[in-house]
Asker: 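Encoded as structure tokens, here's the structure I'll be asking about.
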Amino acid sequence: MREWYCECCGRWRVSIELIRGRHRYRLAHRYRPEHGGGWNVLGEVGAVAELADLLRRHAGPDLADLREADLPEAG
């Protein structure tokens, strides 16, 4: 699974999963620790254009603000 996060604050995350041969983009928002922490999934879409629209409606950043997360290497 690949993930991208908001470079400015790190509180917005987009993950991409392959489900039944199709990519699904999931937008999630992390609550601040003083508000209990945790993640809130705001939506899941099947196309980049829909993801851009989802970000525009719910989040401050846009696609250009997202950076790929450093994931540990397998093996």
Asker: What closest approach, in Å, do Arg13 and Trp39 show between heavy atoms, and which atom pair accounts for it?
Answerer: CB-CZ3, 3.8 Å
Asker: Per the side chain to side chain contact (heavy atoms under 4.5 Å, CB included) rule, which among Leu54, Leu27, Leu63 passes with Val14?
Answerer: Leu27
Asker: Which pairs, with at least one residue in residues 7-32 and sequence neighbours excluded, count as a ring pair (Phe, Tyr, Trp, His ring centres under 6.0 Å)?
Answerer: Trp12-His29, His29-Tyr31
Asker: Please list, one pair per line, the donor and acceptor atoms closer than 3.5 Å that link side chains of residues 42-53 to other protein atoms, with sequence neighbours excluded.
Answerer:
unit_1: Glu44; atom_1: OE1; unit_2: Arg26; atom_2: NE; d: 2.9
unit_1: Glu44; atom_1: OE1; unit_2: Arg26; atom_2: NH2; d: 2.5
unit_1: Glu50; atom_1: OE1; unit_2: Gly46; atom_2: N; d: 3.1
unit_1: Glu50; atom_1: OE1; unit_2: Ala47; atom_2: N; d: 3.3
unit_1: Asp53; atom_1: OD2; unit_2: Arg57; atom_2: NE; d: 3.3

Asker: Atom CD of Glu3 and atom CD1 of Ile16: how far apart are they, to the nearest 0.5 Å?
Answerer: 9.5 Å
